[in-house]
Each structure stands twice: as C-alpha cells, then as structure tokens.
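Report on one structure; see the data block that follows.
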Amino acid sequence: MKLLIVESPGKIEKLKHILGNGWDVQASYGHIRDLPVNGMGVEAPDFEPHYVATERGVKTIAKLKEAAAKADEVYLATDPDREGEAIAWHLADELKLTNYKRVTYTSITPKEVMAGIGNAREIDIALVKAQEARRVLDRFCGYGTSMPLSNAIGQTVSAGRVQSPAVRLVVERERAIRSFKTIQHYGVKATFEYVENVQDGWTAKWDTENFLAAGQEYILDKTVAEKITAIRTFDVVAFEESNKKVAPPAPFTTSTLQQAASNALKFTPKETMALAQTLYEAGLITYMRTDSPNLSDEAYEEIKSFALNENLPVADQKRTWKSKENSQEAHEAIRPTDITVYDIEAGDKERQLYKLIRDRALACVLNDAVFAVREAKLKALIEEKEVFFDAKGSTLTDQGWKVIFVEDQADEKTDPEPSNNIPVLKIGSQVTAQKLEVTEHKTKVPSRYTQASLIRDLEKEGIGRPATYASIMSNILDREYIKEDDKHKLSATALGEKLFDAMLGSFSFLNLEYTKNMEEELDNIAENKSTYLDLVAKVHTTLSEEVAKYEAKSAIPCPKCGSPLKHLKGINKDTKKPYDFFVCENESCEATFNNVDGKPVERSFEVTEHTCLKCGAKLVHRTGTSQKDGKPYDFFACSNKDCGMNYANKDGVPVEHEENTGRPTEFTCPKCGKMLVARPTAKGGIWFACSGYPKCTAKYWAKDDGTPNFENAPTSKKSTIKAKRK
C-alpha cells in the first residue's frame with residue numbers, strides 16, 4: 001500500500017479515483033505544527049523555532065502515523081509553493097519519515113498527478129527556510145510590538161509585517177480624501193456637423209494650456225471660457241489616422257483573479273479563494289496561488305488548437321506578459337485544466353468564477369482588437385490670441401479577442417479613445433462649429449479603496465504574496481482597523497488611525513519599501529543566496545532596538561512610582577465580563593488604574609459610615625477588577641493603611657471574611673507578626689491562619705500538641721497552579 005498525503009481533504013476522492021487500487025490518500029488539514037500560541041517560540045542567538053502541534057494537528061499526527069506505519073511508500077503531495085514545502089517538511093519530521101517522496105503538481109488531473117509521482121524528489125530545504133523565515137519575522141513583528149503599542153494606546157491592538165502597511169495605505173487615502181478641496185474649473189466643447197434630432201455630430205475640446213497663468217492647472221474664471229464660445233470657424237492644423245492595437249489581458253494571477261472577481265462578480269477576495277480552491281480540488285483549474293501571468297507552452301498550444309477548431313481569430317505568435325517585480329513564478333497562470341469544458345455542474349458562484357478564468361485563458365491566444373483612431377487639432381483666433389481645440393475618436397474595426405468578452409473583467413480601460421465620429425479632414429481646410437458650450441468640471445476627490453484595489457496596490461508595492469492577500473483583508477477588517485460600507489468601499493476606523501499614528505516613525509516595517517525589500521530577502525533564502533539565520537538575526541536586532549526606543553518614548557508612567565504601566569484588557573473566562581485597566585510593572589508597587597480614554601485614572605472608592613472592627617477607622621467601598629486574574633472584586637477596606645483589614649460586601653453591609661473568623665490564639669504569624677487564629681478542619685482537627693488576611697495569607701497545620709507547625713504549611717490551590725507553570 002502506498003500513502004499519499006495532501007493538505008486538503010477536499011482533494012481525497014478525486015485523487016483516489018485517479019490513483020486507483022493500492023493507494024491510500026490522507027489529508028494533513030494544512031499545518032500540523034506551528035509556533036506556540038502563547039510565547040514567541042523563537043529566541044536568540046540561534047533563533048531555532050520551537051514548534052508545537054496545532055489543536056487539530058494532535059489528532060491528525062496520530063492518524064497519519066498509523067497510516068504511514070502501514071504504508072510501503074509515503075508520498076508528500078502538499079501544495080506546490082513555499083507553504084506546501086514547509087508543510088511537507090513538518091510531516092516528514094513529525095512522522096519520522098526516513099524514506100519519503102516529495103510530489104508536486106499544479107492541477108489535479110490524471111496526467112499532472114501521475115507526472116508528479118513519476119518525478120518525485122527530496123524536500124527543498126531552501127524553500128522551507130524561506131517559509132520559516134517569513135513565519136518567524138511575522139512573529140517578531142506581531143509579538144514584539146503589539147504589547148508596547150497596546151500600552152501606549154490604552155487599547156489592545158496588534159501590528160504585523162504586512163498587515164500594518166495595508167492599514168497605512170487605507171489611512172493615508174482616508175486622510176487625503178478628508179483634506180481634499182474641490183476645485184471648480186471650466187472648459188469648452190465644440191460640436192461640428194450637428195443635426196438636431198438626427199445626430200450629435202463630432203466634438204472637440206478646448207486645449208486651455210496657453211490660457212493658463214504660470215503654475216495654474218485649470219481655468220477658474222468662467223468668463224474666460226464664455227469668450228471662447230464666440231468662435232465658430234476653425235483651421236485644421238493637424239490631422240492623423242492610425243490603427244491602435246489592443247492586446248488581450250493576461251491570464252489570471254492570484255491577485256488579478258481576486259480583483260476581477262471583485263469588480264465583475266462582487267466576490268470578496270476570501271470568497272474568491274475559497275471558490276477557486278473548490279474548482280482546483282475538483283480538477284477543473286490549475287493551482288490558484290501564483291504570481292505568473294503566463295501559460296506553459298503545452299497549455300498555450302492546447303488552447304490555441306481549441307480556438308482554431310472553433311474558428312476564433314488566433315494570434316500568429318505566442319504572447320508573454322511581464323511579471324510583477326519580485327514575482328516567484330513557481331508555476332503558470334491560473335487556467336482551466338481542459339479548455340474544451342465551457343460550463344461545469346456546480347453552484348452559480350463556482351460557474352461564474354470558472355467562466356471568468358476560462359475567458360481570460362482563451363482570450364490570451366487570440367488576435368489583438370484593432371481600433372481606427374483619428375486625431376485632429378483645430379486653431380482659431382480670439383482677440384489676436386491663438387485658441388486650440390483637440391478632437392480624438394476611435395472605432396472598433398476588428399474585434400479580435402473581444403469576441404470573447406467586450407470589457408475586461410478587471411475593470412481596466414482597453415479602448416484607446418471613446419467613440420467620436422470624426423470625418424476625414426484636410427490640413428489647411430476650415431470647419432465650422434454648430435455649437436460651442438461652456439463645460440463645468442470639478443476636481444475629483446481620491447476614491448476610497450475597495451478590497452480589489454487595495455490588493456492591486458499592495459501587489460504594486462511588493463507587499464505580501466499570492467497566498468496572503470485574502471488573509472490580509474480579513475485580518476484588518478476583523479480587527480476593525482478598517483471598515484467596509486454597503487458599496488464595498490474601505491475606510492479607516494478611529495482605531496486604525498490611532499494605531500497608524502502610534503507606529504509612524506518608530507517601526508521600520510510600517511514603511512512600504514521595507515516590506516518590499518524583505519520579500520527580496522526571502523527570495524534570496526529560497527534561492528540559496530543567503531541564510532535564514534542571517535536575515536532573522538538582523539531583523540531581530542533592528543526590531544529590538546526600535547521596541548526599546550518606543551517603550552522609552554511612549555511608556556505611560558505609574559502616577560504613584562513612575563515605573564511603566566502595563567495595559568490589561570480582555571474577557572474574564574469565568575464571569576465572561578470585560579476588564580480594561582492599567583497595572584504598574586513594578587512588583588513592589590502593583591498599583592492599578594482605570595483606563596479612561598487610554599489614560600490611567602485612580603480607581604475610585606467611596607468612604608462609608610462603616611467603621612473597622614479592629615481599629616475603628618472609616619471603611620472604604622472598593623470595586624474593580626483584579627490585575628492578577630481579571631476577576632471583579634467588591635469589598636470594604638479599612639482606610640487606615642497600617643491596619644490592613646477588609647470585609648466582604650453582603651447586601652451593601654461589611655461583614656468579616658470567613659478567613660477572618662476563628663478562635664483567637666496566643667500565637668503570632670512569623671511572616672507579619674499578627675495574631676494567628678485557629679480554625680477547624682473537616683476531620684475535627686485544627687489549623688492556623690493569619691488574622692492579617694488578605695495582606696498576609698500564611699497558613700499552618702497544627703502539631704499533635706495543638707501548636708502551629710511553622711515548617712508544614714498547607715498548599716493552596718493558587719500555589720499549586722504556580723508550581724505547575726514552573
């Protein structure tokens with residue numbers, strides 16, 4: 001029996017059908033191990049990651065070990081990218097595989113799968129180290145900066161190597177919108193050969209350049225434009241006819257697929273990737289995480305042959321598209337595995353996405369669309385000053401690839417100029433305008449990002465990789481650093497802006513160029529040009545210095561002792577109630593403060609009419625949340641600090657704690673000097689407790705003679721928990 005391990009269980013049935021008898025197919029469900037949830041998981045100087053099994057991974061590992069023990073051969077067929085390579089390495093390491101075979105394929109078809117098995121190889125450790133470096137760098141940036149930022153802001157926040165630059169783009173766009181001032185300006189449109197109720201005629205627009213003052217961009221005075229409307233006759237000073245060829249858009253990369261699906265189908269990037277995963281697992285499309293816009297030679301020829309059989313206008317030569325800078329291009333663009341399949345039996349959304357992918361792949365082998373373009377420049381005089389008008393127009397003369405779809409689904413403009421039926425004009429001749437009218441314009445406020453356009457700009461800036469775009473969007477939306485309106489427009493939240501301002505100028509990974517350069521560094525590791533240790537050690541040193549400077553600059557001092565305050569916020573696991581307060585990091589102080597708009601405020605208390613049973617001083621009523629366990633408290637305390645007594649709150653009245661009751665004795669506490677009280681045990685004996693509770697929690701068993709055994713103290717539940725943690 002041979003065992004094939006894949007990432008997703010959705011692939012199992014398809015692969016079993018392809019492989020047939022003698023094969024067992026199991027899934028790892030993604031990563032079986034990761035860095036620990038609580039704690040950094042990687043330390044200087046060797047920066048060796050300490051991996052632990054994920055919650056799901058514990059059961060998965062046990063199941064896979066059992067399957068591997070029964071198998072004659074084990075094939076690791078995780079996804080064909082760095083993440084998949086790392087998962088394969090974790091599987092080989094955790095399952096103690098000494099004789100495994102690494103298999104990759106970019107589509108789940110019999111041909112591709114069997115070719116992958118026939119070309120099995122060793123795990124590429126360079127790719128594993130590149131993925132490992134990315135994971136560790138993300139952990140450094142997230143864990144290293146989130147607590148200092150939370151303390152400074154007074155709210156629990158998180159930062160990230162790619163998350164924070166994405167938030168930055170949205171915040172800066174939001175501020176550009178907010179500060180934008182609309183400018184109203186004017187132009188003139190001339191209409192020629194206008195016939196009312198028959199045709200609109202062709203048009204030309206006033207070229208305002210020689211009417212603008214130095215440094216001026218627009219005509220702001222309407223009366224200037226109104227004077228131009230007096231012109232009727234123009235000289236033709238230039239006329240040109242040309243053919244403009246427009247190539248089809250490239251086959252989809254991960255990024256362009258997410259953008260096109262968002263624009264054409266209104267799918268979110270996360271939804272698009274989930275649908276694409278389903279199509280891939282069904283064997284209908286090639287692997288959907290890629291940054292290459294080009295097809296393989298074999299795929300191109302198959303699609304070209306199909307197009308010829310369908311009498312489509314096929315291009316003479318194969319096109320290639322330039323990839324984005326820093327692209328890995330590990331495998332080809334996204335395409336159908338079988339171009340002859342024009343429709344699929346699936347849900348509506350899967351069918352729509354499949355058609356989108358198929359149309360782009362088919363269009364790339366077809367002829368350019370051809371437009372007949374005419375351009376004219378007209379001149380007139382007004383008050384001895386030259387006035388120029390420009391006319392441009394195009395007409396589609398050869399559809400080419402546009403027989404597949406008229407508009408590019410990625411919402412890109414493909415027509416060179418709008419339709420404008422300009423006649424053939426002779427230079428030196430004159431034309432007479434039928435109508436001139438002033439046109440009013442307003443400068444446009446920058447448009448808000450959509451998820452699609454934000455992904456486009458992230459890719460343009462070299463931030464992130466195909467596998468990360470959807471998760472970046474989900475992350476910053478779920479954490480409410482940005483929000484999305486009903487029209488799918490993104491804007492920054494107050495929290496997002498506060499986080500950006502707190503980070504700006506302090507952490508280098510917020511800079512767009514930094515993230516781009518880091519991707520190059522990761523590529524170098526994957527190509528064996530540099531090492532994991534060199535990169536992570538360098539980043540750790542820089543980030544540690546930045547964090548230290550930030551904490552020194554932004555730490556909120558304790559109003560009582562001046563030490564830095566720590567911000568604690570969350571939901572109590574027992575009571576399910578929220579807590580949000582500051583606690584002093586100085587253990588000898590441990591003062592706590594309420595969080596009011598990010599600032600520490602003395603916890604309020606009420607002086608009551610009740611008096612202390614021990615010293616007679618007034619009691620104060622204290623309420624709040626414990627800094628140790630997040631549990632709420634409500635009790636009365638003596639206002640005399642030297643006394644230290646406190647009482648339980650029973651229906652608004654102070655009563656002694658159970659711990660303060662008991663028979664007084666002549667013995668004193670060796671820790672604080674206060675009297676010990678004797679209390680009964682469940683078996684009829686006694687034990688001793690300090691009457692200075694809760695400041696002193698000393699407890700002692702009784703000896704046979706009824707005296708306290710100071711060398712044998714009961715172990716409290718609290719101390720037992722501490723011992724387990726150690």
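In this text the structure is predicted, and so the values were computed from the model without any measurement. Residue indices begin at 1 and follow the sequence shown.
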Between [X] and [Y], does any side-chain N to carboxylate O distance fall below 4.0 Å?
X	Y	answer
R135	D34	yes
D523	R82	yes
E83	R289	no
K489	E484	no
E332	R335	yes
R175	D501	yes
E122	R102	no
E461	R168	no
E520	K516	no

Is there a side-chain contact between [X] and [Y] in this structure, where contact means two heavy atoms from C-beta onward sitting under 4.5 Å apart?
X	Y	value
C584	C561	yes
L76	V103	no
Q277	K11	yes
F509	F140	no
I123	E85	yes
S506	K553	yes
T253	E459	yes
Q258	M273	yes

Keeping [X] on the side-chain end and [Y] on the backbone end, is there a donor-acceptor pair under 3.5 Å?
X	Y	answer
S164	G160	yes
T493	Y481	yes
D534	S530	no
Y514	F507	no
S107	I285	no

Checklist entry - What's the verdict on salt bridge (charged side-chain N to carboxylate O under 4.0 Å, His left out) for K129 and E132, showing C-alpha distance, side-chain angles and the deciding distance? => result CA-CA 5 Å; K129 287 297 180 182; E132 197 167 56; 3.0 Å; yes

Checklist entry - Can a donor-acceptor pair be found between the side chains of D93 and Y51 at a distance below 3.5 Å? => result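 Short answer, no.
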
Item to check | R456 versus S255, side-chain donor and acceptor atoms under 3.5 Å | outcome: no

Next on the checklist: Which label fits H31 and H90: parallel for a plane angle under 30°, tilted from 30 to 60°, or perpendicular past 60°?
Outcome noted: perpendicular

Checklist entry - Around Q216, counting heavy atoms of other residues, nucleotides and ligands shown, do more than 12 lie under 6.0 Å from its CD? => result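 Yes, the 6.0 Å shell around CD holds more than 12 heavy atoms from other groups.
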
Next on the checklist: Pair Y287, Y280 - check ring pair (Phe, Tyr, Trp, His ring centres under 6.0 Å), show working.
Outcome noted: CA-CA 6 Å; Y287 192 54; Y280 170 66; 5.3 Å; yes

